[in-house]
**Student:** 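Would you mind keeping the following structure in view while I ask a few things?
To find a chain, count down the sequence lines: A is the first, B the second, and so on, and within it residues start at 1.
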Amino acid sequence: MDGTDWKRTKFAADIGEDDYNTEVTLCGWVQYTRNLGKMAFVHLRDRSGIAQVTALSKTMDKELFDLIVSVPRESSISVKGIIKQSPQAKAGWEIIPYQVHVLGVAKTPLPLGVVDKVDADMETRLDNRFLDLRKPEIQAIFKIRSTILAAAREVLLEEGFIEIHTPKIVATATEGGTALFEMKYFDKKAYLNQSPQLFKQTMMSTGLDRVFEIGPAFRAEEHDTRRHLNEYTSIDIEMAYANLEDCMDILEMVIQRVYTNVLNENFIDLDILDQHLVAPERPFPRLRYGCIVDKLQNAGLKIKDENTGRNRPIEFGDDIPLEGFKEIAKDRPSLYFVTDWPMKLKPFYIHPHPDDPDLSLGFDLNYGEKELVSGGQRVHEPALLKEMLGRSGLDPETFGFYTKAFDYGMPPHAGWGLGAERLTMIITGASNVRETVLFPRDRYRLVP
RNA sequence: GCCCCGAUGGUGUAGCGGUCCAUCAUCUCGGUCUGUCGAACCGAGGACACGGAUUCAAAUUCCGUUCGGGGCGCCA
């Protein structure tokens, strides 16, 4: 027997007084060993926490004792033993082992210390992500991420949304603007999709009425920041017979549920990360684009003019640079909507404002200076859609697969796309979006 | 694409013309220790990214390359 048939009977954190003097099988990694000569302490770490295994040379075979003290750190082991009450142990109990299996020996030295007293660079950590993820504070991020995605799915299903999956391999640019990753598709040229936008809108013409997709999106932009990824997870919704306000309501519900579920289910993880979350109240504040520009003008914000190359005060119609949102974030450090954007700053599928054709029915949801969500009321009128495509410099012909769905009874609809990693960053307090992805893909990183 | 900054043992760093066969911590290996929990103590091991230049002398200055970090743009 080599121990591979052993089944874990408990996680370390689940052991309590009721278990004293019972047998247990624990599986995990050797966090460290303190060998005092005639006795030794091994800290076994599993997903839940730490169990102390105490070995006494006097009361066990020399062979077993020697095995226990010689296992390198971070080796995978399983331990069968008795849980004994122990006032000297931090947990109040410890494991007295009578059988130990070394299932996977760790090479030494480790490329990355899991509990070393020195921090490692992000690069070293990502190169050795499997070891990095053995740290409770790193695992906490992914446990929270899991709750976030489950919470979003939970609300959307409750609200009558149907989960869909749209193709990631596409023939043409879906929205224009962003650079796409090109790939071979047999003898044709194909691209990785930047967004499910056009497909989820097409679903509005099917009778599914309310759809959502949680899936990858790819952008070939050479952006090099702490908040961009070339492969990220998008939470996208689209709802028919709905307007701007309806989809903003759904968004508020999703965000609120995410906060409450994380608070309820991940309090230990939040504590590990030292995050003090407060669930936001509905409705979230709404700021009009025009008011933000006024405010930034008063604050004296200058931007570089595209034509002259000179600095000038920000004007209505200019996109708001990060510096501008940083200014706004001084008063609004948390969640707020930005509404009534100029039409020229929004993509072709965003509906013009009925009262002012220069304004749009598009919105963003920000957290301080961070953009989290982009959405809005969509153009559903076929003639207007083709006009908007043309105005954006796109050829309606190449979008035939999309516009066709508008020619046969397209209801009014609205929707949004939420960056799952950006939301995870905010909830976990991560300062780099790469922290929220197991194996991030950025401009330079393709491995692991 | 633009603008800064950096690269020293497995890991994280100090040093920034000679006093460096390179500092400290962590780590690894060996030893002592029956209550450790950032164990302690004794001993040992291990590094100047690559290529070129300047100089009597380069980890240190300069140029190039490669690889990172940060900021901007773009966005989620």
**Student:** Could you tell me whether a side-chain N or O of A:W93 sits under 3.5 Å from a main-chain N or O of A:Y20, the two making a donor and an acceptor?
**Tutor:** no
**Student:** Find the partner of B:rG1: check Watson-Crick (N1-N3 plus N6-O4 or O6-N4) and G-U wobble (N1-O2, O6-N3) distances, both under 3.5 Å, and reply none if neither fits.
**Tutor:** B:rC72
**Student:** Regarding A:K304, tell me which of base, sugar-phosphate or nothing describes its non-hydrogen contacts under 4.0 Å with the strands shown.
**Tutor:** nothing
**Student:** Please tell me if A:K58 has a side-chain N or O lying less than 4.0 Å from either OP1 or OP2 of B:rG35.
**Tutor:** no
**Student:** If B:rG38 has a Watson-Crick or G-U wobble mate with both distances under 3.5 Å, name it; if not, just say none.
**Tutor:** none
**Student:** A:D364 CG to B:rA76 C1': how many Å, rounded?
**Tutor:** 9 Å
**Student:** Report the distance from atom CG of A:D127 to atom P of B:rC67, rounded to the nearest whole Å.
**Tutor:** 13 Å
**Student:** Any stacking of A:Y232 on B:rA76, going by centres under 5.5 angstrom and planes within less than 30 degrees?
**Tutor:** yes
**Student:** Please state whether the rings of A:F348 and A:F399 are parallel, tilted or perpendicular, taking 30° and 60° as the class boundaries.
**Tutor:** perpendicular
**Student:** Of the nucleotides B:rC67, B:rG10, B:rC74, which one has an atom closest to the side chain of A:P109?
**Tutor:** B:rG10
**Student:** Is there a donor-acceptor contact under 3.5 Å from the side chain of A:Q275 to the main chain of A:L270?
**Tutor:** no
**Student:** Of all the choices, B:rU28, B:rC72, B:rG70, which nucleotide is nearest to the side chain of A:T108 once you look at every atom?
**Tutor:** B:rU28
**Student:** Which is true for A:S57 with a 4.0 Å heavy-atom rule: it touches a base, it touches only sugar-phosphate, or it touches nothing?
**Tutor:** nothing
**Student:** Contact class for A:A217 (heavy atom, under 4.0 Å): base, sugar-phosphate, or nothing?
**Tutor:** nothing
**Student:** Answer with yes or no whether A:Q52 presents, from its side chain, a donor or acceptor under 3.5 Å of a partner atom in the base of B:rU36.
**Tutor:** yes
**Student:** Base, sugar-phosphate or nothing for A:V373? Non-hydrogen atoms, less than 4.0 Å.
**Tutor:** sugar-phosphate
**Student:** Map A:V115 and A:T54 onto RNA chain B by nearest heavy atom, then report which one ends up closer to the 5' terminus.
**Tutor:** A:V115
**Student:** Is the number of heavy atoms from other residues, nucleotides or ligands under 6.0 Å of A:D119 CG greater than 12?
**Tutor:** no
**Student:** Suppose we define a pair by two distances each less than 3.5 Å, Watson-Crick or G-U wobble; what does B:rC67 pair with here?
**Tutor:** B:rG6
**Student:** Pick the P atom in B:rU65 and in B:rC4, then give their distance to the nearest Å.
**Tutor:** 15 Å
**Student:** Across all strands shown, which nucleotide pairs with B:rC48 by Watson-Crick or G-U wobble geometry, both distances under 3.5 Å?
**Tutor:** none
**Student:** Can you tell me how far C1' of B:rG12 sits from NZ of A:K135, to the nearest Å?
**Tutor:** 11 Å
**Student:** Pick the P atom in B:rG15 and in B:rC29, then give their distance to the nearest Å.
**Tutor:** 31 Å
**Student:** Rounded to whole Å, please give me the gap between CD in A:E323 and C1' in B:rC72.
**Tutor:** 10 Å
**Student:** Between B:rC37, B:rC27, B:rG35, which nucleotide gets closest to the side-chain atoms of A:H43?
**Tutor:** B:rC37
**Student:** Less than 4.0 angstrom between a side-chain N/O of A:T124 and OP1 or OP2 of B:rG12, yes or no?
**Tutor:** yes
**Student:** Is A:P72 touching bases, backbone alone, or none of the nucleic acid, heavy atoms closer than 4.0 Å?
**Tutor:** nothing
**Student:** In whole Å, what separates the P atom of B:rU13 from that of B:rG69?
**Tutor:** 13 Å
**Student:** When you measure from the side chain of A:E252 to the backbone N and O of A:F284, does any donor-acceptor pair fall under 3.5 Å?
**Tutor:** yes
**Student:** Taking all non-hydrogen atoms of both residues, which atom of A:M253 and which atom of A:E159 are closest, and how far apart?
**Tutor:** CE-OE2, 3.0 Å
**Student:** Determine the Euclidean distance between corresponding C1' atoms of B:rA14 and B:rU26; express it in Å to zero decimal places.
**Tutor:** 15 Å
**Student:** What integer number of Å spans the C1' atoms of B:rC50 and B:rG38?
**Tutor:** 38 Å
**Student:** Under 4.0 Å, heavy atoms only, any strand: does A:N432 hit a base, just the sugar-phosphate, or nothing?
**Tutor:** sugar-phosphate
**Student:** Examine the base of B:rC75 for any acceptor or donor lying under 3.5 Å from a partner atom in the side chain of A:R422, and report the outcome as yes or no.
**Tutor:** yes
**Student:** When you compare B:rA22 with B:rU28, how far apart are their P atoms, in angstrom units rounded to a whole number?
**Tutor:** 23 Å
**Student:** If the P atom of B:rC67 is compared with that of B:rA25, how far apart are they to the nearest Å?
**Tutor:** 35 Å
**Student:** On RNA chain B, compare the nucleotides closest to A:R445 and A:L372; which residue's is nearer the 5' end?
**Tutor:** A:R445
**Student:** Measure from the side chain of A:E222, starting at C-beta and using heavy atoms only, and say which of B:rG1, B:rG69, B:rA76 lies closest.
**Tutor:** B:rG1
**Student:** What is the nucleic acid contact for A:D116, judged by heavy atoms within less than 4.0 Å: base, sugar-phosphate only, or nothing?
**Tutor:** base
**Student:** Distance between the P atoms of B:rU19 and B:rU61, in whole angstroms?
**Tutor:** 16 Å
**Student:** Whom does B:rC56 pair with, Watson-Crick or G-U wobble, provided both distances fall under 3.5 Å?
**Tutor:** B:rG18
**Student:** Which nucleotide, B:rC75, B:rG35, B:rG1, lies nearest any side-chain atom of A:R443?
**Tutor:** B:rG1
**Student:** Among B:rA76, B:rG68, B:rG35, which nucleotide has an atom closest to any side-chain atom of A:E123?
**Tutor:** B:rG68
**Student:** Remember a base hit wins even if backbone is also touched, and classify A:L423 as base, sugar-phosphate or nothing at under 4.0 Å, heavy atoms.
**Tutor:** nothing
**Student:** B:rA76, B:rG71, B:rU28: which one has an atom nearest the side-chain heavy atoms of A:R226?
**Tutor:** B:rG71
**Student:** What is the distance, to the nearest angstrom, from the CD atom on A:Q31 to the C1' atom on B:rU36?
**Tutor:** 14 Å
**Student:** Nearest to the side chain of A:V118, heavy atoms from C-beta on, is which of B:rG73, B:rU26, B:rC74?
**Tutor:** B:rU26
**Student:** Atom NZ of A:K302 and atom P of B:rG73: how far apart are they, to the nearest Å?
**Tutor:** 17 Å
**Student:** Give the nucleotide from the list B:rA76, B:rC37, B:rG35 with an atom nearest to the side chain of A:M39.
**Tutor:** B:rG35
**Student:** Output yes when A:R286 and A:E245 qualify as a salt bridge under the 4.0 Å nitrogen-oxygen rule, no when they do not.
**Tutor:** yes
**Student:** Look through every strand shown and name the nucleotide pairing with B:rG12 as Watson-Crick or G-U wobble, where both distances are under 3.5 Å.
**Tutor:** B:rC24
**Student:** Heavy-atom distance under 4.5 Å between the side chains of A:H43 and A:V115, does that happen here?
**Tutor:** no
**Student:** Tell me whether the OP1 or OP2 atom of B:rA76 has a side-chain N or O from A:N366 closer than 4.0 Å.
**Tutor:** no
**Student:** So how far is it from A:H228 NE2 to A:D442 CG, rounded to the nearest 0.5 Å?
**Tutor:** 12.5 Å
**Student:** Give A:D224 one of three labels, base, sugar-phosphate or nothing, depending on what nucleic acid heavy atoms sit under 4.0 Å from its own.
**Tutor:** base
**Student:** What nucleic acid atoms does A:T233 come within less than 4.0 Å of, heavy atoms only: base, sugar-phosphate, or nothing?
**Tutor:** nothing
**Student:** Of all the choices, B:rG73, B:rC74, B:rU26, which nucleotide is nearest to the side chain of A:R227 once you look at every atom?
**Tutor:** B:rC74
**Student:** Quick check against the 3.5 Å criterion: does A:R227 have a side-chain atom that pairs as donor or acceptor with the backbone of A:R422?
**Tutor:** no
**Student:** How close or far is atom P of B:rG35 from atom CG of A:L36, stated in whole angstroms?
**Tutor:** 7 Å
**Student:** How is A:L112 classified with respect to the nucleic acid when contacts are heavy atoms under 4.0 Å: base, sugar-phosphate, or nothing?
**Tutor:** nothing
**Student:** How close or far is atom C1' of B:rG38 from atom NZ of A:K90, stated in whole angstroms?
**Tutor:** 9 Å
**Student:** Taking only side-chain N and O atoms of A:K38, does any of them lie within less than 4.0 angstrom of OP1 or OP2 on B:rU36?
**Tutor:** no
**Student:** Does A:S374 make a side-chain N or O approach to OP1 or OP2 of B:rA76 shorter than 4.0 Å?
**Tutor:** yes
